[in-house]
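To start, the structure itself, in structure tokens.
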Amino acid sequence: MRLREILRRLREHFGRHGWWPAETDYEVILGAILVQRTAWRNVEKAIEGMRGRGLLDPKAVVESELYRLEEAVRSSGFYRQKAWRILAFTRYLFDEYSGCLKRLFSKPTEELRRELLELEGFGPETVDSILLYAVGRPVLPVDAYVRRTLERVEGTATGRMPYEELQSLIHKNLKGGVEAYRDLRALTVMLGKAYCRKDPICLPCPLKDICRYSLSMKAGLEAP
DNA sequence: ACCCAGGTGGCCC
DNA sequence: GGGCCACATGGG
């Protein structure tokens with residue numbers, strides 16, 4: 001897998017961008033839940049909905065009524081499940097860790113990962129996003145953008161591997177630690193958005209000449 | 001009136 | 001392991 005090369009080109013093209021758009025660790029967790037199968041612009045509204053109701057703080061959330069949380073996050077879609085998942089996680093945080101994220105985060109990566117995966121609505125991508133962007137562990141969330149990028153550069157056999165299998169293959173082939181994984185995740189998202197067919201931007205796609213496959217235009221890896 | 005977006009869980013074979 | 005479905009809103 002040419003992950004080093006992919007990352008090098010993306011960094012050269014977009015600059016370093018180890019982002020997660022959030023002010024606090026708790027907000028990263030909220031965003032990771034709210035963004036499930038949803039466009040980020042709708043998540044922003046939901047976060048603002050929570051901010052407007054004073055709900056960006058775990059203490060406020062755990063004392064809040066479910067319906068109030070639901071109306072706050074309505075714009076993110078699947079709002080009933082998401083409100084419940086946020087409330088259930090926050091209750092668990094208070095029941096098990098006195099509401100202290102630092103205490104939860106102090107566990108070893110594998111143990112913490114297994115524990116978070118037990119929570120309702122915390123699948124592998126949500127958990128790994130939290131591990132990478134809130135806890136700061138070298139774990140790559142394998143999202144749709146990473147998959148589509150690898151499908152085109154390396155082929156569908158790679159892009160469609162089961163989650164854990166693909167993730168460990170990536171971990172084996174890219175050792176740059178937290179910074180590398182944050183950049184790879186962020187920059188593949190930026191690539192997908194920048195080269196979406198509907199986007200008017202017309203620059204050469206930084207990966208075009210190393211793509212073995214171009215399936216559909218949908219993921220946007222075709223240069224315009 | 002479609003189709004899609006930075007998933008997850010349940011059910012089926 | 002893989003295929004299908006519900007979950008729901010906002011934008012193109």
Side-chain angles (χ1 to χ4, degrees), chain A residues 6-7 10 14 17-22 27-50 52 66-67 69-89 92 113-134 139-152 156-170 181-201 215-222 224:
Chain A
I6 292 171
L7 181 57
L10 291 176
F14 292 108
H17 212 292
W19 100 147
W20 182 282
E27 222 181 292
V28 173
I29 296 171
L30 297 178
I33 294 169
L34 292 171
V35 78
Q36 291 168 359
R37 200 61 196 180
T38 301
W40 184 260
R41 59 177 174 275
N42 295 330
V43 176
E44 287 177 330
K45 291 177 192 163
I47 297 274
E48 287 317 302
M50 291 186 72
L66 181 58
Y67 79 89
L69 216 39
E70 288 179 350
E71 65 182 17
V73 304
R74 190 170 39 83
S75 65
S76 72
F78 308 131
Y79 68 93
R80 269 188 257 259
Q81 316 185 35
K82 287 175 179 177
W84 172 249
R85 289 166 182 183
I86 287 168
L87 183 57
F89 165 76
Y92 151 86
R113 187 171 191 275
R114 277 194 300 275
E115 187 169 328
L116 291 175
L117 283 171
E118 300 284 318
L119 298 171
E120 192 179 332
F122 284 60
E125 190 184 326
T126 304
V127 167
D128 290 340
S129 294
I130 292 166
L131 288 173
L132 181 61
Y133 290 105
V139 174
L140 183 81
V142 182
D143 67 4
Y145 288 109
V146 170
R147 275 183 188 282
R148 281 179 281 199
T149 302
L150 291 179
E151 277 192 15
R152 280 157 189 74
T156 57
T158 307
R160 295 179 187 175
M161 286 167 82
Y163 188 98
E164 313 274 344
E165 197 181 332
L166 181 52
Q167 184 183 50
S168 69
L169 186 60
I170 294 170
Y181 296 154
R182 284 183 175 174
D183 274 356
L184 183 63
R185 174 75 180 299
L187 296 176
T188 48
V189 172
M190 291 179 74
L191 180 71
K193 289 180 177 169
Y195 291 96
C196 172
R197 180 165 45 171
K198 291 164 194 157
D199 196 293
I201 291 176
L215 300 177
S216 70
M217 296 281 287
K218 194 171 157 308
L221 288 183
E222 300 278 9

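Excluded from the calculations below are hydrogen atoms, water molecules and symmetry mates; all remaining heavy atoms, backbone and side chain alike, are included. Convention: sequence-line order gives letters A, B, ...; per-chain numbering from 1.
Panel note: side chain A:T158, backbone A:L150; no donor-acceptor pair is recorded below 3.5 Å. Proximity of a side-chain donor or acceptor of A:K82 to a complementary backbone N or O of A:V73 within less than 3.5 Å is not detected. Within the 3.5 Å criterion, the main-chain N or O of A:R147 finds no donor-acceptor partner in the side chain of A:R160.
Nucleic acid contact class of A:W84 (heavy atoms, under 4.0 Å, all strands): none.
A:Y163 has its OH atom 11 Å from the P atom of B:dG7, to the nearest Å. Straight-line distance from the CD1 atom of A:I86 to the P atom of B:dT8: 14 Å, rounded to whole Å. To the nearest angstrom, C1' of B:dG7 lies 13 Å from CG of A:D128. Between the CD1 atom of A:I33 and the P atom of B:dG7 there is a distance of 14 Å, rounded to whole Å. In this structure, A:R147 atom CZ and B:dA5 atom C1' are separated by 16 Å, rounded to whole Å.
Applying a 4.0 Å cut-off to non-hydrogen atoms, the residues of residues 118-125 of chain A that approach DNA chain B are A:L119, A:E120, A:G121, A:F122, A:G123, A:P124, A:E125, listed by residue number.
For A:D143, the side chain to side chain contact (heavy atoms under 4.5 Å, CB included) criterion is met by A:E125, A:Y145, A:V146, A:R185, A:V189, not counting sequence neighbours.
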(message) So if I define the base as every atom that isn't primed, P, OP1 or OP2, how would nucleotides 2-11 of chain C read as a B/S/- string at a heavy-atom cutoff under 4.0 Å?
(response) S----BBBSS
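Counting heavy atoms from C-beta outward, A:I47 and A:L34 have side chains that approach closer than 4.5 Å.
Rounding to the nearest 0.5 Å places CD1 of A:I33 at 6.0 Å from CD1 of A:I130.
Of the N and O atoms on the side chains of A:E120 and A:Y92, not one donor lies less than 3.5 Å from an acceptor on the other residue. With hydrogens and angles left out, the side-chain atoms of A:Y163 and A:D128 include a donor and acceptor closer than 3.5 Å.
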